[in-house]
Amino acid sequence: MEPILIVLGIILVIVVGGGLWLYAGRRRGQVPDDVSAHKPMSVEDLLPSEEGEEPSGETASDAEPGAEPVATLESPESIPGRMQRLRARLAGAGGFGKAVLSVLSRGDLTEEDWEEIEDTLLTSDLGIEVTTSLMDELRTQAKVLGTSDPEAVRTVLRAELLKLVDPSLDRSLNLDRPTPADGAQGTPAAAILMVGVNGTGKTTTCGKLARVLVAQDKTVVLGAADTFRAAAAEQLSTWGERVGVDVVRSEKEGADPASVAYDAARRAADQEADVVVVDTAGRLQNKAGLMDELGKIKRVMEKIAPVGEILLVLDATTGQNGMRQAQVFSEAVGITGIVLTKLDGTAKGGIVVTVQRELGVPVKLVGLGEGADDLAPFDPEGFVDALLG
Ligand SMILES: Nc1nc2c(ncn2[C@@H]2O[C@H](COP(=O)(O)OP(=O)(O)O)[C@@H](O)[C@H]2O)c(=O)[nH]1
Ligand SMILES: [Mg+2]
């Protein structure tokens, strides 16, 4: 072959190869959204996000070369990031603590001032019993203190509210891998059962919780045991797809919820997943029916391994009515923790105290918005600080 042809060939390879490399580089540079998904928290992150418009999209075309092609996947926000954002949102709701604080800071309180404080506490869903004892405590402290120094008053009120919320309670989710039931195959996952009245936020919480767990590098299986409405399984599947979590569901509307729950626990054990989260229907037809359905779901799941968490989902905006429903659920099935949703929609944070006292179990998670990452572990100190503004 002519040497000139060899030289031309080499030049051609360099030009074409270089061009392709540059093109690929530009394409990589064309996805600033992906880059911004990993930037630190900013003010915009504190604002409510539009449904389906989470900033953390990641698609297959953005992935490292050689990675498995996957559908549009989202990377959920980390725990510290969401705590900070949720705290800001809670403070924005204007807690009752702030109102009480402003009266207390007047110093030399008249009977009228005390009545104002009492009214504020009562309308915050603290209940009469807690309000009365808190009033006594505050009156005593005010006498001892004998000052209107806002900092000192704040310290006293903060301590009293914190005592009511009880920072000593264990609020961690039980995610320990359970011991398999006798004769069960596979490696059972930690099981979480989500229960509560229709509309309180169960399905949403299952999805948000899956995201929290994925952000903690856990593998998750979701079970759509609300077979009452086909839309419920669809809703859960959408959540699952967004973070790349398997969803076990029945194609048949009205299928046996217990059998779906069992299949989900089975699938999780076969896959050696870390956690299985099972959504249920919230029909409150009568207590016997509820006990029957939830009891059966729990029993069949326990053919694989014990259920470590039964979370009661409560809507914080429903006040006393919600409390009555909660009682029925807690009698129907043993509750291990409470998820208080829609705290963003109420300044009545007193419900946290009331529900813990009446049900005897801690609030473990709180929902503070409709956004995908608007769920966080409940933090008593952060909560009280937010109430005080
Ligand atoms: N503002 C607000 N809305 C919520 C929260 N959690 C759930 N929701 C909304 O409540 C509605 C009912 O939720 P869903 O999960 O379907 O309730 P379920 O019937 O118990 O499964 C939906 O519109 C959710 O977006 C929350 O923490 N804050
Ligand atoms: Mg639902």
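Model, not experiment: these values are computed from the prediction. Numbering of ligands and ligand atoms starts at 1, following listing order. What's counted below: heavy atoms across the whole structure, side chains too, no hydrogens, waters or symmetry copies.
Inclusion of Thr203 in the first shell of the Mg ion (ligand 2) is supported: an N, O or S atom falls under 2.8 Å.
In this structure a side-chain-to-backbone donor-acceptor pair under 3.5 Å is missing from Lys303 to Ala184. Using a distance-only test at 3.5 Å, with no hydrogens or angles considered, a donor-acceptor pair links the side chain of Thr354 to the main chain of Asp125. Side-chain atoms of Asp170 come within 3.5 Å of backbone atoms of Ser172 as a donor-acceptor pair (strictly under, hydrogens ignored). Distance alone, capped at 3.5 Å, is enough to place a donor-acceptor pair between the Thr227 side chain and the Ala255 backbone. Put simply, the side chain of Asn321 never gets that close to the backbone of Thr318: no donor and acceptor are under 3.5 Å apart.
Of the candidates Val165, Val339, Leu365, Val165 is the only one forming a side-chain contact (heavy atoms from CB on, under 4.5 Å) with Phe378.
Within the structure, the closest approach of Asp374 to ligand 1 does not fall below 4.0 Å when heavy atoms are considered. Note on ligand 1: Gly345 sits outside its first shell, no heavy atom being nearer than 4.0 Å. Assignment of Gly199 to the shell around ligand 1 is supported, since a heavy atom sits closer than 4.0 Å. Using 4.0 Å as the threshold, Val313 has no heavy atom nearer than that to any atom of ligand 1.
With a heavy-atom cut-off of 4.0 Å, Thr203 touches ligand 1 through backbone and side chain alike. The proximity of Leu368 to ligand 1, defined as any non-hydrogen pair under 4.0 Å, is limited to the backbone. With a heavy-atom cut-off of 4.0 Å, Val197 touches ligand 1 through its backbone alone. When non-hydrogen atoms are compared, ligand 1 lies under 4.0 Å from neither the backbone nor the side chain of Met194.
Residue Lys202 approaches ligand 1 through these ligand atoms, each under 4.0 Å from one of its heavy atoms: 15 (O), 17 (O), 18 (P), 19 (O), 20 (O), 21 (O). Listed by number with element, the atoms of ligand 1 under 4.0 angstrom from any heavy atom of Gly367 are 27 (O).
Of all the listed residues (Leu375, Asp279, Asp344, Thr204), Asp344 holds the heavy atom that lies closest to atom 1 (N) of ligand 1. Of the listed residues (Gln235, Arg229, Lys342, Lys208), the one carrying the non-hydrogen atom nearest atom 4 (C) of ligand 1 is Lys342.
Taking the ring axis of Trp239 as reference, the NZ or CZ atom of Arg211 does not stay both within 45° of it and closer than 6.0 Å to the ring centre.
Salt-bridge annotation for Lys296 and Asp256: present, with a side-chain N of the basic residue lying under 4.0 Å from a carboxylate O of the acidic one.
Lys342 NZ: more than 12 foreign heavy atoms inside a 6.0 Å radius.
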